[in-house]
Amino acid sequence: MNETVTPVAEKTEAPVSPPVLVPPAPAPRPIPAPTPPVRSPSGRSGVAVASLLVSIASLLVSAGILALLLADRFDVDILPQPDDPAVSSEPAAPEEPEPPAQPEEPDVVVFREQQIPVEQVALNEYDPAGFLTRDSGHITYAAGGVEAIPGLDVSEFQGEVNWQQVKDSGMEFVMLRVGFRGYGQAGKLVADKNFEKNITGALDAGLKVGVYFFSQAINMEEAKEEARFVLDAIDGYRLDYPVVFDWERITNGDNARTDGLSGKAVTLCAKAFCDTVAAAGYQPAVYFNQTLGYLSLELETLQQYPFWLAAYTSKPGFYYHFDMWQYTAKGRVPGVQGDVDLNLSFRDFAAES
């Protein structure tokens, strides 16, 4: 397992009417002067006050009409509004500061000088500050309420394993290889010769177990065949971790049956395998390194299943979310002879099973 201004109408004066000529009135006939009425001392001043009030009222009406005309012309409010702070019975609330602008998500991810369109997949939100490399070379993670679970993956290449020592060393789960498909043209399915011994020993030691199959499927039917092969092998055993589809490109120069297989085809194989496993009641997952994840697999198609990332770095920088991380192929664990792959699981699959 290797490896982004409305114009204002002109004002015009009202037309002036021509003067109207009025003929002089005939001279009045003399009329005897009437006896003047008796007036109260305040009569003349009362008339004057009434006249003044009428004039003021007329001015107020005219001003009101003018104000309404101006409000209509310039689209403004004359009367205070109920929520106007000037008339509200409640004190004006302080203005909320504008939230900081959020950075835009990139349109592409750059990997090995290639610009790759971003997929609509959940992103990697693990805090880089949460990763710590121990003197032993083991990496731990604790941040944001997540504490990663340490584990390893094993195949027949590790030989005889003392599973109790593995458990006592602090490992909590193991991913075991069930088998593989040969990359020759025949593509024969082969069982891992230590699988039964390994799964029995790991379970007896109290480790949580998951499995994987090394695939070289070139179409969906072969992927389903591999899934059925795995289901037969794990029947009767308790699994707490996923059943994983592990498809890898062969880079040793041999003429592999999978040479040139498109990313679309690999994606369909992964989905066929996982769908078959899920239908049998198990939790499937997909294993890949960054090259396969960025350049081949269509992760949007597979995102309903957990991802197991292989990236041999001190902190995983893969852009998208993953639930498990294989961080080295040269780890050392008591009970295992020689190098072994080490992993972290950010998801407690055992608690979900």
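Throughout, numbering of the chain's residues begins at 1 and tracks the sequence. Since the model is a prediction, treat every value here as computed from it, not as a measurement.
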Tyr327 (side chain) donor-acceptor with Ile139 (main chain) under 3.5 angstrom: yes
Closer than 3.5 angstrom, by distance alone: can the side chain of Glu156 be matched with the main-chain N or O of Lys193 as a donor-acceptor pair? yes
Restricting to non-hydrogen atoms, name the atom on Tyr305 and the atom on Ala278 that form the minimum distance, rounded to 0.1 Å. OH-CB, 4.1 Å
Under 3.5 Å, is there a donor-acceptor pair between the Asp246 and Trp308 side chains? no
Given the options Val174, Asn194, Val166, Val154 meets side chain to side chain contact (heavy atoms under 4.5 Å, CB included) only with Val174
Nearest atoms (heavy-atom pairs only) where Asn124 meets Gly317: ND2-C, 4.3 Å
Please confirm whether the backbone N or O of Val110 pairs with a side-chain atom of Gln115, one donor and one acceptor, at under 3.5 Å? no
Does a side-chain N-to-carboxylate-O contact under 4.0 Å join Arg238 and Asp240? yes
Quick check: Tyr212 with Tyr287 (ring centres under 6.0 Å apart)? no
Are Asp153 and Arg177 ion-paired here, with the side-chain N under 4.0 Å from a carboxylate O? no
Kindly work out whether a path of hydrophobic side-chain contacts (I/L/V/M/F/W/Y, heavy atoms less than 4.5 Å apart) joins Leu123 to Leu309. yes
Main-chain N/O of Ala256 paired with Asp259 side-chain donor or acceptor, under 3.5 Å: yes
Could you walk me through whether Thr267 and Trp247 pass side-chain contact (heavy atoms from CB on, under 4.5 Å), step by step? CA-CA 10 Å; Thr267 300; Trp247 192 100; over 6 Å; no
Phe245 versus Val266, closest heavy-atom pair with distance: CE2-O, 4.5 Å
Would a distance-only check, ignoring hydrogens and angles, find a side-chain to backbone donor-acceptor pair under 3.5 Å from Thr258 to Leu261? no
Taking C-beta and beyond as the side chain, do Tyr141 and Asp127 meet within less than 4.5 Å on heavy atoms? yes
Any donor-acceptor pair under 3.5 Å linking the side-chain atoms of Ser296 with those of Arg249? yes
Give a yes or no on whether the backbone of Arg332 and the side-chain of His138 come within a donor-acceptor separation of less than 3.5 Å. yes
Hey, what's the ring geometry for Phe346 with Phe322, parallel, tilted or perpendicular (30° and 60° as the breaks)? perpendicular
Establish whether Phe273 and Phe229 are linked, either directly or via other cluster members, by ILVMFWY side-chain heavy-atom contacts under 4.5 Å. yes
Check this for me: does any side-chain nitrogen of one of Lys224 and Glu221 sit under 4.0 Å from a carboxylate oxygen of the other? yes
Lys/Arg-Asp/Glu bridge criterion (N-O < 4.0 Å) met for Arg257, Glu222: yes
Which is it for Leu207 and Trp163 under the side-chain contact (heavy atoms from CB on, under 4.5 Å) test, yes or no, and what are the steps along the way? CA-CA 8 Å; Leu207 288 162; Trp163 289 106; 3.5 Å; yes
Is it the case that the side chain of Glu119 and the backbone of Leu299 share a donor-acceptor pair, with hydrogens and angles ignored and the cut-off at 3.5 Å? yes
Do you know the tightest heavy-atom contact between Gln283 and Pro306? NE2-CD, 3.1 Å
Measure from the side-chain N and O atoms of Ser353 to the backbone N and O of Ala350, and report whether any donor-acceptor pair falls under 3.5 Å. yes
Going through the checks in order, is the side-chain contact (heavy atoms from CB on, under 4.5 Å) test met by Met175 and Lys208? CA-CA 9 Å; Met175 303 298 294; Lys208 306 302 182 182; over 6 Å; no
Using the six-membered ring wherever Trp is involved, compare the ring planes of Phe111 and Tyr294 and label them parallel, tilted or perpendicular (cut-offs 30° and 60°). tilted
Looking at Lys167 and Glu172, does any basic side-chain N land under 4.0 Å from a carboxylate oxygen? no
Leu302 versus Leu297, closest heavy-atom pair with distance: CD1-CD2, 4.2 Å
As a quick check of understanding, evaluate side-chain contact (heavy atoms from CB on, under 4.5 Å) for Val277 and Val230, giving each step before the final call. CA-CA 9 Å; Val277 169; Val230 173; 5.8 Å; no
If we ignore hydrogens and angles and just use 3.5 Å, is the side chain of Gln216 paired with the main-chain N or O of Tyr183 as donor and acceptor? no
Would Phe180 and Phe213 count as a close aromatic pair, with their ring centres under 6.0 Å? no
So, Glu352 side chain and Phe349 main chain: donor-acceptor pair closer than 3.5 Å or not? no
Should the pair Phe318 and Tyr320 be assigned to parallel (<30°), tilted (30 to 60°) or perpendicular (>60°) ring geometry? perpendicular
Considering only heavy atoms from C-beta outward, does the side chain of Phe131 approach that of Trp325 to under 4.5 Å? yes
